[in-house]
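Everything below concerns the one structure shown next.
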Amino acid sequence: MNDKPEYWLHRLVMQMDRVADKLLLENVGMSYKRCQVLAVLQHCGTITQHELAVKLGHSDPAVSKMLIELSKDELITVKIDPKHARKRLVTLTAKGDEITTKGTMMLNAHFSGVIKKAEVDAVQYAELTKKLFDAQVTMS
């Protein structure tokens, strides 16, 4: 069995993504990947499609494809930026905000339960995870 922390960290993140996807599909009818788009918009407010792609770490064409479906479902609006006709502004709708809040609360409750079951100090774990995240960002 592998005892390296980086191995287990990677496995944990992959498992959390799988669980998040399953829970969101079952409870809000949307994949984790699409909910991430909505979560970024909920956090940032109206942003350009390109800014959204950068924040998600996806290509512009991949985000464009997702936005078409999210727009059809009335979870977002996409409009031409009046200041720059080649840019598109993306905004979360009230319906999208509601789904994002519901999904976030559900995932937070689930993963808080995992932390509790593992008998891990949540505050200490959050501090360590943030340190790892910040280190990774500075190395990228």
Verdict with supporting geometry, Arg18 and Met14, side chain to side chain contact (heavy atoms under 4.5 Å, CB included): CA-CA 6 Å; Arg18 275 192 225 105; Met14 288 185 350; 3.6 Å; yes

Side chain to side chain contact (heavy atoms under 4.5 Å, CB included) between Lys33 and Met66, intermediate numbers included: CA-CA 9 Å; Lys33 199 172 200 175; Met66 277 193 275; 4.2 Å; yes

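- Note that the CD atom of Glu51 and the NZ atom of Lys87 stand 7.0 Å from one another [nearest 0.5 Å].
- Atom SG of residue Cys44 and atom CG of residue Leu52 lie 8.0 Å apart, to the nearest 0.5 angstrom.
- Within the 3.5 Å criterion, the main-chain N or O of Ser31 finds no donor-acceptor partner in the side chain of Asp21.
- For Lys95 (side chain) and Asp73 (main-chain N/O), a donor-acceptor pair under 3.5 Å exists by modelled atom type.
- Taking 4.5 Å as the limit, some side-chain heavy atom of Val19 sits within range of a side-chain heavy atom of Phe111.
- The heavy-atom pair separating Asp3 from Trp8 by the smallest distance is CA-NE1, 4.1 Å.
- The closest side-chain donor-acceptor pair between Gln42 and Asp97 falls under 3.5 angstrom.
- Using a 4.5 Å cut-off on side-chain heavy atoms (C-beta onward), Val63 and Val90 make no contact.
- In this structure, CG on Asp81 lies 13.0 Å from CZ on Arg86, to the nearest 0.5 angstrom.
- Here the NE2 atom belonging to His43 is positioned 11.0 Å from the CG atom belonging to Leu41, to the nearest 0.5 angstrom.
- Of all the heavy atoms in Ala39 and Thr100, the pair that sits closest is CA-CG2, 3.7 Å.
- A 4.5 Å side-chain heavy-atom check between Leu70 and Met30 finds at least one atom pair inside the cut-off.
- Considering every non-hydrogen atom in both Gly103 and Leu24, the closest pair reads CA-CD2, 3.7 Å.
- Between the side chain of Ser71 and the backbone N or O of Ile68 there is no donor-acceptor pair closer than 3.5 Å.
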Stepwise side chain to side chain contact (heavy atoms under 4.5 Å, CB included) check, Val37 with Leu67: CA-CA 9 Å; Val37 172; Leu67 295 182; 4.1 Å; yes

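- Within the 4.5 Å cutoff, no side-chain heavy atoms of Thr91 are placed close to those of Ile47.
- Ion pairing between Lys131 and Glu127 fails under the 4.0 Å rule for side-chain N and carboxylate O.
- No more than 12 heavy-atom neighbours from other residues, nucleotides or ligands sit within 6.0 angstrom of CD on Glu98.
- Inter-residue side-chain proximity for Leu38 and Arg34 is flagged as unmet; no heavy-atom pair is nearer than 4.5 Å.
- Residues Tyr125 and Asp121 form no side-chain contact, since every pair of their non-hydrogen atoms from C-beta on lies 4.5 Å or further apart.
- Using a 4.5 Å heavy-atom threshold, the side chains of Leu89 and Thr48 count as touching.
- Put simply, the side chain of His50 does not reach to within 4.5 Å of the side chain of Arg88, judged on heavy atoms.
- To the nearest 0.5 Å, the span separating CE on Met106 from CD on Glu26 amounts to 8.5 Å.
- Both Val78 and Leu92 are part of a single hydrophobic cluster, where members link through side-chain heavy atoms under 4.5 Å apart.
- Leu12 and Val114 fall within a single hydrophobic cluster, where Ile, Leu, Val, Met, Phe, Trp and Tyr are joined by side-chain heavy atoms under 4.5 Å apart, directly or via other members.
- There is no path of hydrophobic side-chain contacts, each under 4.5 Å, that joins Met16 to Leu132.
- Expressed to the nearest 0.5 Å, how far OG1 of Thr104 lies from CD1 of Ile99 amounts to 11.5 Å.
- Taking hydrophobic clusters as Ile, Leu, Val, Met, Phe, Trp and Tyr residues chained together by side-chain heavy-atom distances below 4.5 Å, Ile115 does not share a cluster with Leu128.
- Here the side chain of Ser112 pairs a donor or acceptor atom with the backbone of Asn108 at under 3.5 angstrom.
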